[in-house]
Protein chains: 2
Amino acid sequence: MTKCTDILQPLPNEISLSKVLHALSDPVRMEIVLKIAKAGQVACGAFDIPMPKSTLSHHFKVLRESGVVTSRREGNELMNSLRSEELEERFPGLLKSIIAAGSR
Amino acid sequence: MTKCTDILQPLPNEISLSKVLHALSDPVRMEIVLKIAKAGQVACGAFDIPMPKSTLSHHFKVLRESGVVTSRREGNELMNSLRSEELEERFPGLLKSIIAAGSR
DNA sequence: AAGACGGTTCGAAAATAGTCGAACCATCTT
DNA sequence: AAGATGGTTCGACTATTTTCGAACCGTCTT
């Protein structure tokens with residue numbers, strides 16, 4: 001029985017470029033990633049994106065399953081952060097340049 | 001009347017990050033881009049991808065409309081090249097790191 | 001134990017994207 | 001002008017993605 005706190009995410013060497021690019025090709029998800037990049041870590045609820053939470057949850061799921069974001073439970077909420085080191089090792093420079101591009 | 005040689009592509013400052021990432025998130029298109037990156041320029045017909053030419057043509061269209069690839073007629077065929085300089089100016093380091101990531 | 005709060009999961013509907021064959025357009029060759 | 005070659009366009013179909021409400025799960029508080 002999987003609990004909702006079990007977070008599905010690929011191992012570092014299983015992170016797929018296609019999936020990463022697809023995950024980041026959505027403007028909403030990009031916005032999420034930029035905010036996490038700026039703040040270091042952000043809880044799911046801290047995004048004031050006008051959209052039902054089920055939809056937002058879906059976007060987080062895509063980000064997790066692509067290997068871009070990792071989430072851990074912190075008391076009541078889920079804290080999200082970027083898997084910067086793992087991504088940097090697997091695809092050097094990629095995340096940084098995408099974040100820079102998205103910040104323009 | 002638009003002729004089939006009229007190539008639709010965005011102006012440099014109209015290139016959208018989302019569209020670029022989406023274009024490159026498809027493995028077939030990534031393969032195309034990698035081959036162009038390696039060879040400098042490649043005609044559409046030079047890709048031995050086992051797929052009807054209408055489908056291949058569609059992928060080239062996506063690549064053009066995203067601003068990643070430009071095509072010009074050269075006699076009988078269409079020569080494709082990357083819009084490296086324009087992309088570099090708009091999103092510094094982006095294309096390079098994606099190509100590096102895709103080459104692994 | 002009962003709320004309240006933060007998120008996920010589960011359908012199902014709507015929108016978007018990919019694939020393909022057939023017909024067509026543009027250029028070069030004969 | 002007639003083929004041949006290289007690509008595009010069109011329409012239809014399929015597959016994937018996005019979106020949403022409703023129900024649910026996990027944690028904290030009371």
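Atom CG of A:N80 is separated from atom P of C:dG7 by 8 Å (rounded to the nearest Å). Atom P of nucleotide C:dT8 and atom CD of A:E77 are separated by 12 Å, given to the nearest angstrom. Distance, B:F47 CZ to D:dG7 C1': 13 Å, rounded to whole Å. If you measure from atom CD of B:E74 to atom C1' of D:dG6, you get 13 Å, rounded to the nearest angstrom. Between the CG atom of A:N76 and the P atom of D:dG26 there is a distance of 13 Å, given to the nearest Å. The separation between A:D48 atom CG and C:dG6 atom P is 14 Å, rounded to whole Å. The distance from atom NZ of A:K61 to atom P of C:dG6 is 22 Å, rounded to the nearest whole Å. The distance from atom CZ of B:R73 to atom P of D:dT5 is 16 Å, rounded to the nearest whole Å.
For the residue pair B:S25 / A:S25, no side-chain donor-acceptor distance below 3.5 Å is found, with atom types taken as modelled.
Here side-chain hydrogen bond (donor to acceptor under 3.5 Å, both in side chains) pairs that include residues 39-49 of chain B, with residues two or more places apart or in two chains, are B:Q41-B:R72. Applying the salt bridge (charged side-chain N to carboxylate O under 4.0 Å, His left out) test to residues at least two apart or on different chains, none of the pairs has a partner in residues 15-39 of chain A. Evaluation of the salt bridge (charged side-chain N to carboxylate O under 4.0 Å, His left out) test over residues 82-104 of chain A, restricted to residues two or more places apart or in two chains, returns A:R83-A:E86. Note on residues 19-70 of chain B: pairs passing ring-ring contact (aromatic ring centres under 6.0 Å, His included), not counting sequence neighbours, are B:F47-B:F60.
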**Report entry** Sugar-phosphate or base contact per nucleotide [nucleotides 13-22 of chain C; S, B, -; heavy atom under 4.0 Å]
**Finding:** ----SSBBBB
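A:L82 places none of its side-chain heavy atoms less than 4.5 Å from the side chain of A:L87.
When the side chains of ILVMFWY residues are joined at heavy-atom separations under 4.5 Å, either directly or via intervening members, B:V42 and B:I98 end up in a single hydrophobic cluster. A:V62 and A:F91 end up in different hydrophobic clusters when Ile, Leu, Val, Met, Phe, Trp and Tyr side chains are linked at under 4.5 Å.
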For nucleotides 12-16 of chain D, tabulate all protein N/O to nucleotide N/O atom pairs closer than 3.5 Å, reporting atom names and distance.
none

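The only member of B:K61, B:R64, B:Q9 that meets side-chain hydrogen bond (donor to acceptor under 3.5 Å, both in side chains) when paired with B:S71 is B:R64.
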